[in-house]
Every structure is written in structure tokens, then in C-alpha cells.
Amino acid sequence: GINAEYGVFANVFSQRRLREMRVFLLPLSLQSSPISSFPKCKSLLTRSPLFFTPPVSVNLKNRRIYHQQTVSVPPKGRRISLLSKLTICFVYFCCKFVLLFQRVEVINKEALDQALKKRDQSVGLLTISNHLSVVDDPLIWGMLPVKQFFEELGRFRWVPGAHDICFTNWWYSKFFSLGQVISLNRKRGLHQPAMNQCLDLLNEGAWLHFFPEGKINQTGSFHPFRYGSARMIVEADRHPIVIPFYISGLDKVMSESRKIFFLPSLFQDIKIYFGTPMDFSDVLEQHMKQCADESLTNDPRIARRMRRIRWVSCLRTISQKIENEMIALKACHTKT
């Protein structure tokens, strides 16, 4: 059983519920041993209160212990603390310094400028790009002019970051949290607390940046897009402003095969291609009509299943539309 001294509240879930939540199965060696004899598990269950720790779930039938991954949750709202502003400013000027030694070209930046200036306070901004290196964010925002950066400092971008890279210890966790990075577990699916927090921020008019590929890709082709950005578009209270852009050259600045981890390559060509704001109203209207048709079904189980299928189909359509736009931006890069 679970030692009560750690203050763990055990809940019994069915196998189906556990699969839907995508919780983590601890090593098989834990199935027949008390959890108190494993120091690593003890540290997992006694995290800092700065983090949100979901409860441990126990399957009593098979005697297996499950534990959901710890996820940091930022405070709600667009206001950020002074310490967070100082951290963002420090990183921004470091990026400005690095870009002085690079050849940077930004195309159609007016699309982002208009979105930042003219968007309503209650309408969120969602920027989407490919993922070439560990410095894509924040280095790409170093191209913002200083005046524009300070105008947007109070409501600067939020970005999900991999928990197994950006939140591996207390110092990394504190630094990236102050830099408005949300700890995201890439194996827990669309309905984890970090994704819910992203949706709350978008509904409050915040600026979110997503890498739909989900990981660094320096192969020259796109990985299949994940549905996180599509969920933001479908479930937002108001249709957010969606601006895709394509990045090239950062894979040479911070190559995965570099010998010195923190040292970027200098004098590389970096190009950023901004696309026009995307409209998904036709897809969302079709989705709403399909949901209205499903309400005629009398069997609630069939209605739930159909609703789930339609929801996934809508996410797939939006993700494919975003991917097609990214392919078109990449084609513009190859022409130049």
C-alpha cells in the first residue's frame, strides 16, 4: 500500500479512465514493494508547493501504482510580476546581442505588428512556428524593436516548454517560470493542467506561442502536427488571432550536433517569414452544425461517441490547415 505519512490521497480509477488521463506507470519493480522504500518516488510525491501535483492513482485489482507528472501552473491573468519583467528583459537583450552577430531578415512582419497593436484586450493572439533549435524561443523575439518590446512587456508571450528539458531542477523551473514558460508534459495529451492553463490565458487575451511539431526538427521536413494549437482555436471563448510563421537558419545557429552546448554559431543567415492571420470560422461553423445534428440522437452513449469523433475530426482539419500554411511559407523560403 501507500505510506500515509506522505499525505497521499489514493483514488481508484478504472483502466479506461487511466488510459484517458495518460498517467505514468511506474517501473514494474514498484508493483510488489512499498513506495516508502524508494527515495526517488518519495521525492516525486513531496514536491515544492510551487508546482501542481495531481494525486496518485491506484489500481487495486492489479496492485499497480500510477503517478501523474508534476506540472507547473503560472498565475492567471495578463499582469506579470516585476521579477518576471526583469527576467524577460534580461533574456531579450541577450538575444539582441546574439542577433548582432547574425544576418537576420524578417519578411511580412507587418502582420504581427498589426495583431499586437490593434487586437482587442479580450481577444487572444496565437503565434505558430516550426521548431529548429533550443533557442527558437526567445531568440526569434529578439528581432522586435526595443520600443515595441517595452510596449508589449506587460502582456508578453507565453509559451509551453517541455518539462523534461526546461524544468529538470529548481533553478531551471524558477527561471523559465519567470520567463513565462508553462511546464508541459508532451506525453500527457490535450487535457493536462498546462494545456488548460494555456486556454485560460488565451481567453483572457494573452499572447501564446506554440510549436505544433512538439519537438526540435532539423531534418528539413515537418513532423506531424499535434493538436494542442488546434484545441486552443476550437475551445477559445472568442476566435483568437492566429499568425503562422516559418523560421530558417536557426538550425545552423544551434545545431543538435554542436560540440559546446551553450555556444551558438555566429554569422549565420536567419530568415523569418510571417504569414497572414488565418481564419477558421468555416471549420468551426461546420463543427457546430455537426454537433447540433448529434443532439437528435436519443442514445447518450452514441451521442458521446459521435461528439468525440467530430471533435477529433475538427482538430485534425485545423491542424492540417495550419500545416498547409506552414508548407506554403516554406515554399516561399525555397524560392528566395
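Positions are given from 1, in the same order as the sequence printed here. Keep in mind that this is a model prediction, so the values were computed, not measured.
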Under the 3.5 angstrom rule, does the side chain of [X] hit a backbone N or O of [Y] as a donor-acceptor pair?
X: Ser173; Y: Asn169; result: yes
X: Arg103; Y: Ile270; result: no
X: Asn217; Y: His131; result: no
X: Gln102; Y: Ser265; result: yes
X: Arg226; Y: Arg186; result: yes
X: Asp136; Y: Ile140; result: no

Exercise: identify the closest heavy-atom pair between [X] and [Y]:
X: Cys314; Y: Val283; value: SG-CG1, 4.0 Å
X: Pro264; Y: Val98; value: CG-CG1, 4.5 Å
X: Ser319; Y: Phe225; value: O-CD2, 4.1 Å

Should Lys117 and Asp113 be marked as a salt bridge (charged side-chain N to carboxylate O under 4.0 Å, His left out) after you check the CA-CA gap, both sets of side-chain angles, and the distance that decides it?
CA-CA 6 Å; Lys117 291 180 180 179; Asp113 295 338; 5.9 Å; no
With clusters defined by side-chain heavy atoms of hydrophobic residues (ILVMFWY) lying less than 4.5 Å apart, directly or transitively, does [Y] cluster with [X]?
X: Met195; Y: Ile165; answer: no
X: Leu144; Y: Leu153; answer: yes
X: Ile327; Y: Met278; answer: yes
X: Val146; Y: Leu139; answer: yes

To the closest 0.5 Å, what do you measure between CE (Met254) and CD (Glu256)?
8.5 Å
Measure the CG-NE2 distance between Asn185 and His163 for me, rounded to the nearest 0.5 Å.
4.0 Å
Just checking Arg258: does its CZ atom have more than 12 heavy atoms from other residues, nucleotides or ligands closer to it than 6.0 angstrom?
yes
Heavy atoms from other residues, nucleotides or ligands near CZ of Phe93 exceed 12 (cutoff 6.0 Å):
yes
Side-chain H-bond candidate by donor/acceptor type, [X] with [Y], under 3.5 Å:
X: Glu213; Y: Asn130; result: no
X: Arg238; Y: Ser122; result: yes
X: Ser129; Y: His209; result: yes
X: Lys187; Y: Gln192; result: no

Does Leu178 sit in a hydrophobic cluster with other residues, and if so which ones, taking ILVMFWY side chains as linked at heavy-atom separations under 4.5 Å, directly or through other members?
Leu83
Verify the ring-centre separation between Phe156 and Phe149: is it less than 6.0 angstrom?
yes
Show me the donor-acceptor pairs, under 3.5 Å and distance only, between side chains in residues 245-253 and residues at least two apart or in other chains.
none

Sequence neighbours left out, what pairs pass salt bridge (Lys or Arg N to Asp or Glu O under 4.0 Å) with at least one residue falling in residues 311-334?
Asp282-Lys321
Might you work through the side-chain hydrogen bond (donor to acceptor under 3.5 Å, both in side chains) test for Gln148 and Lys109, ending with a clear yes or no?
CA-CA 12 Å; Gln148 185 181 20; Lys109 183 177 173 293; 3.0 Å; yes
